[in-house]
A.B. asks: 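Handing you this structure, nothing more for now.
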Amino acid sequence: MKNRDSTNRSSASSQRSSFGRRDFLELLLSGLAGELASPVFAHPSPVPLFRDVAEEVGLKFHHFTGATGEFYMPEIMGSGVALFDYDNDGDLDVYLIQGATFDPAQDPRHAKFPPPAGWKPGNRLFRNLLSETGKFQFVDVTEQAGVGHVGYGMGVAVGDYDNDGFQDLYVTNFGRNVLYHNNGDGTFTDVTAKAGVDDPRWSTSAAWVDYDRDGRLDLFVANYLDFTVKGNKHCFAPTGDRDYCTPKMYQPIPARLFHNRGDGTFEDVTEAAGIGAAIGPGLGVVCADFNGDGWPDIYVANDGSAAHLWINQRNGTFKEESLLAGAAYSVDGLPQAGMGVTAGDFDGDGDEDIFKTNLTNEGANLYVNDGRGNFYDASAEFGLLLPTFPYTGFGTEWFDYDNDGRLDLFIANGAVNRMESLRGSAYPFNQNNQLFRNEGTGKKFREMTGVAGPAFALSEVSRGAAFGDINNDGAIDIVVANNNGPARLLLNQTRSLNHNHWLLVRLEAGNGNLFAIGARVEVRLHGRSLLRRAHTDGSYLSANDIRVHFGLGEDTKIEKLIVNWPDDRREEWDRLEADRIVTIRQGTGRSIRGEG
């Protein structure tokens with residue numbers, strides 16, 4: 001995460017001094033090239049790329065930090081959001097994670113930043129009425145669904161752990177976590193104790209992953225620091241003002257790995273699986289097959305220390321190989337304040353590349369995969385280092401916002417320490433979010449923030465971000481969870497600006513892991529191939545739409561759709577039409593053997 005204290009200032013100084021003259025010139029030229037290519041000087045389109053519609057569609061939510069002036073670290077870190085179809089009606093619902101007071105007896109109205117009128121405590125579930133009424137509108141169904149946990153909320157993970165065809169929720173907190181079983185009738189049941197997946201410490205991001213490929217989703221939980229309210233330390237900004245501490249002031253705590261027994265209970269296999277062999281202050285988590293062996297690996301963004309890359313040994317254990325793989329540190333070998341993370345094939349070469357967000361004055365990492373799980377940091381090469389340097393990034397995702405077939409980037413930004421430029425502000429942590437377009441040629445990303453619309457002119461303290469086609473129009477939308485502020489629903493408007501085509505794929509596996517988390521889906525068009533992964537994890541404290549989205553550009557015909565199912569079977573379908581949502585069921589396609 002952090003900081004502007006003397007420790008981090010000296011680290012930043014040593015990092016800058018480690019650059020040679022040639023490195024500096026190359027970085028500068030790369031940045032200038034990115035600035036010259038930037039559209040910030042162009043006239044914005046009369047139709048914004050994204051429009052915030054949260055208020056008008058009934059998604060009314062305001063995050064409460066519970067701050068009292070004591071600068072407790074959890075206040076500045078939350079929170080997350082999930083996009084998932086909890087009632088299987090064909091549209092995405094929204095679950096938002098809420099903060100609380102640290103003293104349950106304290107009246108929230110007496111906090112430093114009291115919640116607005118009409119505010120309700122606890123997490124909130126909003127049902128999308130699009131499929132039932134034809135109108136894009138949300139209604140709060142938290143009480144009916146039974147998912148309004150009141151605690152100091154952090155994040156949420158989505159997955160169908162019992163293979164009943166309904167997605168379940170795992171909620172992380174500063175304090176005990178909660179597993180909500182989806183009953184399939186619009187309600188959920190807290191089964192945390194029965195399932196054995198609680199953790200009373202400070203958990204952050206979590207991910208459902210079938211690491212042993214037995215057809216049942218297991219659970220990875222990232223944990224952060226040994227912070228306690230009683231043990232809160234006093235830290236200060238360079239100006240002498242009280243500020244939030246660096247994570248180096250506290251000890252990290254180990255992540256947890258829970259193996260799904262298949263009877264509704266889980267076994268803690270953290271040590272047996274080797275996950276306990278390395279400890280870091282974990283924040284962001286993403287699971288993907290990074291070395292191409294067909295087994296899911298786990299990448300963890302750690303705050304202020306080396307990232308972890310847990311390589312699946314295919315025998316129920318993992319080995320931490322981030323340093324050997326080149327995905328542990330910055331380009332000059334220093335640890336960074338990793339927060340959010342996403343994995344995807346942005347360069348179209350068939351493997352999973354990693355993007356990680358960091359602290360202000362560090363810049364983001366773009367780890368390019370060679371196909372065998374070896375990485376190099378190419379953020380400067382692709383024009384992403386300097387534009388991210390002034391920001392503290394959190395939620396992020398590879399996604400094709402303009403349906404041209406290339407994966408673009410969104411970053412939710414917000415500081416964690418006082419910003420001198422906002423001195424005098426009651427909450428001096430605001431930053432703008434960013435949008436980058438994958439140009440596909442010249443190995444550059446173009447920053448679109450300046451022309452993306454008024455929603456990107458908002459300066460807030462953004463944290464979690466979830467991605468999915470929330471109104472089923474073929475364009476990926478974003479829900480942003482702001483710290484100490486309102487949730488934003490950034491509705492994608494680009495389909496009114498271009499004629500690009502799309503395909504949205506809902507997978508149904510036939511042998512466990514029913515939503516096919518981890519499946520690799522390939523679309524073959526005339527002269528090119530697009531590879532995507534079915535997932536809900538990634539970003540920061542958040543969960544994404546499980547459906548797999550493809551932008552097709554000008555192509556209206558799909559030559560082949562190939563699915564590499566999680567059980568290693570491969571099937572293909574042909575003669576699919578564009579511009580529609582399709583359900584692909586395992587066992588209904590043509591089996592493929594001997595093709596990698």
Side-chain angles (χ1 to χ4, degrees), residues 11 14-15 18-19 23 205 207 209 211-213 220 222-223 247 252 254-257 269-347 349-358 362-382 384-385 398 518 520 533 537-538 596:
S11 294
S14 64
Q15 180 175 349
S18 67
F19 278 92
D23 296 314
S205 293
V209 53
Y211 76 88
D212 54 355
R213 300 199 329 190
F220 182 92
N223 284 321
R256 304 280 293 280
L257 180 63
V269 295
T270 305
E271 296 302 323
I275 296 297
I279 300 175
L283 289 179
V285 177
V286 68
C287 304
D289 176 14
F290 292 112
N291 61 358
D293 66 354
W295 292 72
D297 310 302
I298 305 171
Y299 185 82
V300 183
N302 288 318
D303 187 3
S305 64
H308 288 158
L309 176 59
W310 296 102
I311 295 297
N312 197 324
Q313 302 299 294
R314 298 177 285 179
N315 60 2
T317 69
F318 291 83
K319 187 177 180 182
E320 205 290 296
E321 297 186 0
S322 60
L323 183 59
L324 289 174
Y329 296 113
S330 68
V331 71
D332 54 341
L334 293 176
Q336 293 173 288
M339 282 84 158
V341 64
T342 180
D345 183 19
F346 86 95
D347 52 4
D349 64 354
D351 54 42
E352 302 277 352
D353 308 295
I354 298 171
F355 183 79
K356 178 168 70 74
T357 59
N358 298 304
E362 290 183 343
N365 304 115
L366 171 54
Y367 293 116
V368 176
N369 193 342
D370 71 352
R372 299 182 298 276
N374 302 306
F375 297 86
Y376 75 97
D377 189 343
S379 55
E381 176 185 339
F382 282 89
L384 290 168
L385 181 59
W398 294 114
R520 287 160 61 86
R533 182 181 82 262
D537 61 0

A.B. asks: Could you tell me which non-hydrogen atom of L366 sits nearest to which non-hydrogen atom of S379, and how far apart they are?
C.D. replies: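 The answer is N-CB, 3.7 Å.
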A.B. asks: I'd like to know if the side chain of S205 reaches the main chain of L283, judged simply by a donor and an acceptor atom lying under 3.5 Å from each other, with no hydrogens or angles considered.
C.D. replies: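 Yes; at least one donor-acceptor contact below 3.5 Å.
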A.B. asks: Holding to side-chain contact (heavy atoms from CB on, under 4.5 Å), I want the full list of residues that pass it with F375, two or more places apart in sequence or in another chain.
C.D. replies: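 Partners of F375 under the side-chain contact (heavy atoms from CB on, under 4.5 Å) test: F290, L309, A325, A327, I354, Y367, N369.
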A.B. asks: Taking all non-hydrogen atoms of both residues, which atom of D289 and which atom of W295 are closest, and how far apart?
C.D. replies: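 Looking at all heavy atoms of both residues, the closest pair is OD1-O, 3.3 Å.
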A.B. asks: List the residues meeting salt bridge (Lys or Arg N to Asp or Glu O under 4.0 Å) with D349, not counting sequence neighbours, and say none if there are none.
C.D. replies: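 By the salt bridge (Lys or Arg N to Asp or Glu O under 4.0 Å) rule, D349 matches no residue at all.
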A.B. asks: For V286, does its backbone N or O pair with a side-chain atom of D537 as donor and acceptor, under 3.5 Å?
C.D. replies: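 Side chain of D537 to backbone of V286, a donor-acceptor pair under 3.5 Å: no, none is there.
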A.B. asks: Looking only at non-hydrogen atoms, find the nearest pair between E321 and I311 and report the distance.
C.D. replies: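 Distance-wise, the nearest heavy atoms are OE1-CG1, 3.6 Å.
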A.B. asks: Can you sort out the partners of N374 under side-chain contact (heavy atoms from CB on, under 4.5 Å), two or more places apart, ordered by chain and number?
C.D. replies: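 Expected list: D370, R372.
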A.B. asks: What's the shortest heavy-atom distance between A307 and Y299, and which atoms?
C.D. replies: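 Taking A307 first and Y299 second, the nearest heavy atoms are CB-OH, 3.2 Å.
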A.B. asks: What pair of heavy atoms forms the shortest contact from K356 to A301, and how long is it?
C.D. replies: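 Between these two residues, the closest heavy atoms are CD-CB, 3.7 Å.
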A.B. asks: Does W398 offer a backbone N or O that forms a donor-acceptor pair with the side chain of T342 under 3.5 Å?
C.D. replies: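 Yes; at least one donor-acceptor contact below 3.5 Å.
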A.B. asks: With no hydrogens and no angle check, is any side-chain donor or acceptor of R533 less than 3.5 Å from a backbone partner on A343?
C.D. replies: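 Here the side-chain-to-backbone pair exists.
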A.B. asks: Distance check, rounded to the nearest 0.5 Å: D377 atom CG versus L384 atom CG?
C.D. replies: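 D377 atom CG to L384 atom CG measures 10.0 Å (nearest 0.5 Å).
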A.B. asks: Does a side-chain heavy-atom distance below 4.5 Å link L323 with Y329?
C.D. replies: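 The answer is yes; the side chains approach within 4.5 Å.
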A.B. asks: Taking all non-hydrogen atoms of both residues into account, name the closest pair between V341 and V285 and its distance.
C.D. replies: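 Answer, listing the atom of V341 first, then V285: CG1-N, 3.6 Å.
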A.B. asks: Rounded at 0.5 Å granularity, tell me how far CD in E320 sits from NE2 in H308.
C.D. replies: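 Here the rounded value is 5.0 Å.
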A.B. asks: Any chance you could measure S305, atom OG, to L334, atom CG, to the nearest 0.5 Å?
C.D. replies: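 Rounded to the nearest 0.5 Å, the OG-CG separation comes out at 12.5 Å.
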A.B. asks: With a 6.0 Å cut-off on the ring centroids, do F220 and Y211 count as close?
C.D. replies: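 No, ring centres 6.0 Å or more apart.
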A.B. asks: Would you check if the side chain of D297 reaches a backbone N or O of N312 as a donor-acceptor pair within less than 3.5 Å?
C.D. replies: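 Yes, the answer is positive, given that a donor and an acceptor are paired below the 3.5 Å cut-off.
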